[in-house]
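FYI, side chains are in, hydrogens and waters are out, and symmetry mates aren't considered; it's all heavy atoms of this structure. Chain identifiers are assigned alphabetically (A, B, ...) following the order of the sequence lines, protein sequences preceding nucleic acid strands; residue numbering begins at 1 within each chain.
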Amino acid sequence: MVDNTEILRFATAGSVDDGKSTLIGRLLYDSKEIFLDQLEALEEDSKSKNLDTIDLAHLTDGLKDEREQGITIDVAYRYFSTPKRKFIIADTPGHEEYTRNMFTGASNSSLAIILIDSRKGVLRQSRRHLYISYLLGIKNIIVAVNKMDLVNYSREKFLSIRQDFKEISKDLSIESINFVPLSALNGDMIVRRGTNLPWYKGETLISLLENVNLKKESNTGQNCFPVQLISRVDNEDVKDFRGYMGTVTSGRFKIGEKIKVLPSKKESVIKNILVSDSYSEEINKNQSGTILLEDEIEISRGDLIANVEYYPRTSSVINCQVCWMSNEALVLDKKYLIKHSNKISKAIVTKIINKVDIESLKETDSSNSLEMNDIGKVEIKIQNQIVNDSYESNRNLGSLIIIDIESNNTVGAGIIE
Amino acid sequence: MNKVSYLKELESESIFILREVVAEFKNPVMLYSVGKDSSVMLHLARKAFFPSKIPFPLLHVDTGYKFREMYEFRDSFAKEIGANLIVHRNEDAISKEFHPSKNGVAKCCGALKTQALLDALSKYNFNAAIGGARRDEEKSRAKERVFSFRDSFGQWDPKSQKPELWNIYNGEIDENESVRVFPLSSWTEVDIWNYIKHEEIKIVPLYFAKKRNVIVQGKNLIPSDSLKNNESIQVESRFRTLGCMPCTGAVRSNATNIEMLIQETVEAKRSERETRIIDHGSNSMEDKKKEGYF
Ligand SMILES: Nc1nc2c(ncn2[C@@H]2O[C@H](COP(=O)(O)OP(=O)(O)OP(=O)(O)O)[C@@H](O)[C@H]2O)c(=O)[nH]1
């Protein structure tokens, strides 16, 4: 089977001025992803500001307002590739709206680079970056200790930062944490090793990114295919076709296998499978396709096709960690929409169980609202039953977004316990 | 990257997005510009809904300045796949002979492209327009959402974009509002070419090199049919992007097949939009997007 490990999505996190934009610019620059005309524009830009070297950070600042303020204000996506992998960077800037932005960027990432300024060491913000990565289930973290040129490339400094970081991460279950000393400005240990860090024997940043083992998921007995659309075709060319379109979110399905549909619990057997538009014996994780069943059963958008041995919860009251993303605070008992596994339902937040201070990682007791950038545990009551599981064991069934009915904005994101 | 399975991963994601559009919007349309990105997008749409036909029409915003090869390709291809093709033109501006050299690039684009697009969307009441823009094309697009919200004037506000988490797309809109959807957001130019090769997707022959009559204007090779001028010379060249004749430059190239073309793209020293005159100067992509341009 194809295991899709050729695209690595990662998020970058750093406090203001740790050098995140410079680092990304460096990755793009040294991996030759920058075209000459973009470079020329950059040189002109630097000249007009009387800078003597080009400012790599400006390669990644996208919108006018940001250029004027000199800071990035939202998540930007960057793409580059090496012969080994295609990389998608979710660049999430560090300032007051940080939590929401990093939460967003990290939701689609399987790795996070946490930047630390070698002069400043591990800061309260570093905990925040670490905690958000952990909450979103990121298993691989690279701690990039930047600006090593400003501390004379000191090995002691690097080791002490590494020690401090290990201390703050010891209670969180993160599979792999790697540490790299580097200078984004000079390019040391990013794509090239450089000559300034001879004492460091580990891999360069790019080599870590290229080789990180995106764990092949062992089949945990959860085969899930949330239904997106029903396909019915009956014409001259195609007779009586009835299939369920969707994407496999975990596990795999094969022709002849018994399945059940949730929440109805009706069972059937897989008659045929289309992967994209080709008939196939099986369909694997992350593949989009169409499943045809032996029996005609009532199935609608948002239903789940799963293996019969999988028993996720079906419930209308759920507890989840919510990151609030709107200027308007969360209002208890107000009607919102939630979108969860292809299904939209009406819901209300019935209570706020606690709020997390993500820098000390302490939970504070009840609060009656969540404001922008707050993370807290809430109880949500949904108008109908949803098939759900914990985020930890099933990402798709464990994640949801909250939508404001009046503004239609996405105001929150939830991770189900 | 020269493996194929990563292309399949991109394909799957794009198919998921296309199906979400059909599930969540009453009246979607696919913007079809006849270019390489549109060709990939259309190919993905055919796969996404197989064995059914594409469940939405294609809309071509025609400025009247497209290359002859583009019109021929458009019409024969739409017929071949049985697609419902809508062609919309700003007839008023066309009859007034809008031209970049007369009205300026900004006004000409504004009338023939932006206005024509907004008019077509409102004429047919489309509330979701699927477009082939990629985030790697231009700086301001790096922050574009997959589902990008437009207000009742069709305008985009870069400061109030909805956060997009996981692959849960928020398609909630009010009447009069609409979204633009970009299923190729995560594809790069090289990905597009690799996929065209792998899937053997038909594209307009203008992308391949041959001897063409052009006028050399600084770095740009302007196709001579678009100007009433005899100073043209024959240069072996091709087009990296296809726009309107007066504003699309060719590049010197001898890439006559897809392998050579990919090779050239990988080694490209100039990014593709440089040959599009419209992106330069004060008329930046960001300004145009705010006004409703794609
Ligand atoms: N000496 C030195 N300076 C660096 C290094 N990396 C970045 N800088 C400088 O640090 C400053 C901040 O860098 P940026 O890349 O703009 O910082 P950022 O973290 O992206 O900041 P925001 O854009 O505000 O989020 C700039 O002046 C950089 O030139 C480094 O390795 N060494």
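The most heavy-atom pairs under 4.5 Å with chain B, out of Asp237(A), Ile344(A), Val275(A), Thr290(A), come from Ile344(A). Of the listed residues (Leu337(A), Val233(A), Thr104(A)), the one with the most heavy-atom contacts under 4.5 Å to chain B is Thr104(A). Your options are Val238(A), Ile403(A), Asn342(A), Thr247(A), and the one with the most heavy-atom pairs under 4.5 Å with chain B is Ile403(A). Residue with the most contacts toward chain A among Arg19(B), Lys47(B), Glu24(B): Arg19(B) (heavy-atom pairs, distance under 4.5 Å). Contact count against chain B (heavy-atom pairs under 4.5 Å) is highest for Leu274(A) among Leu274(A), Ile88(A), Ile405(A), Val411(A). Put simply, of Ser288(A), Gly243(A), Ser407(A), Ser341(A), the one with the most heavy-atom pairs under 4.5 Å next to chain B is Ser288(A). Ranked by heavy-atom pairs under 4.5 Å with chain B, the list Gly246(A), Gly289(A), Ala413(A), Ser231(A) is led by Gly289(A). Listed options Phe49(B), Phe16(B), Phe50(B) were ranked by heavy-atom pairs under 4.5 angstrom with chain A; first place goes to Phe16(B).
Between Lys162(B) and Glu144(B) there is no salt bridge, since no side-chain N of the basic residue sits under 4.0 Å from a carboxylate O of the acidic one. A salt bridge is absent between Lys84(A) and Glu6(A); no separation between the charged side-chain nitrogens and carboxylate oxygens falls under 4.0 Å. At a threshold of 4.0 Å, the pair Arg240(B)-Glu189(B) counts as salt-bridged, since one of the basic side-chain nitrogens sits closer than that to a carboxylate oxygen. Checked for salt-bridge contact, Asp277(A) and Arg46(B) miss the test: no charged N lies under 4.0 Å from a carboxylate O. A salt bridge links Asp303(A) to Lys343(A): one of the charged nitrogens lies within less than 4.0 Å of a carboxylate oxygen.
A cation-pi arrangement is present between Arg135(B) and Tyr77(A) under the rule of less than 6.0 angstrom and at most 45 degrees off the ring axis.
Shown here are the side chain to side chain contact (heavy atoms under 4.5 Å, CB included) partners of Pro57(B), two or more places apart in sequence or in another chain: Val29(B), Asn84(B), Ile86(B), Phe126(B).
When heavy atoms are compared at a cutoff of 4.5 Å, Ala23(B) approaches chain A by way of both its backbone and its side chain. Only the side chain of Tyr279(A) has a heavy atom closer than 4.5 Å to any heavy atom of chain B. With a 4.5 Å cut-off on non-hydrogen atoms, Met245(A) touches chain B through its backbone and its side chain both. Contacts of Glu11(B) with chain A are made by side-chain atoms alone, with heavy-atom separations under 4.5 Å and no backbone atom involved.
A donor atom on one side chain and an acceptor atom on the other are not found under 3.5 Å apart for Thr188(B) and Asp136(B).
Taking the six-membered ring for Trp and the full ring otherwise, Tyr79(A) and Trp187(B) have centroids separated by 6.0 Å or more. Between Trp324(A) and Phe103(A), a ring centre-to-centre spacing not shorter than 6.0 Å is recorded.
Proximity to chain A at a heavy-atom threshold of 4.5 Å picks out Glu172(B), Ile173(B), Asp174(B), Glu177(B) from residues 172-179 of chain B, in numerical order.
Put simply, the side chain of Met30(B) reaches to within 4.5 Å of the side chain of Met41(B), judged on heavy atoms.
For Ser12(B) (side chain) and Asn286(A) (main-chain N/O), a donor-acceptor pair under 3.5 Å exists by modelled atom type.
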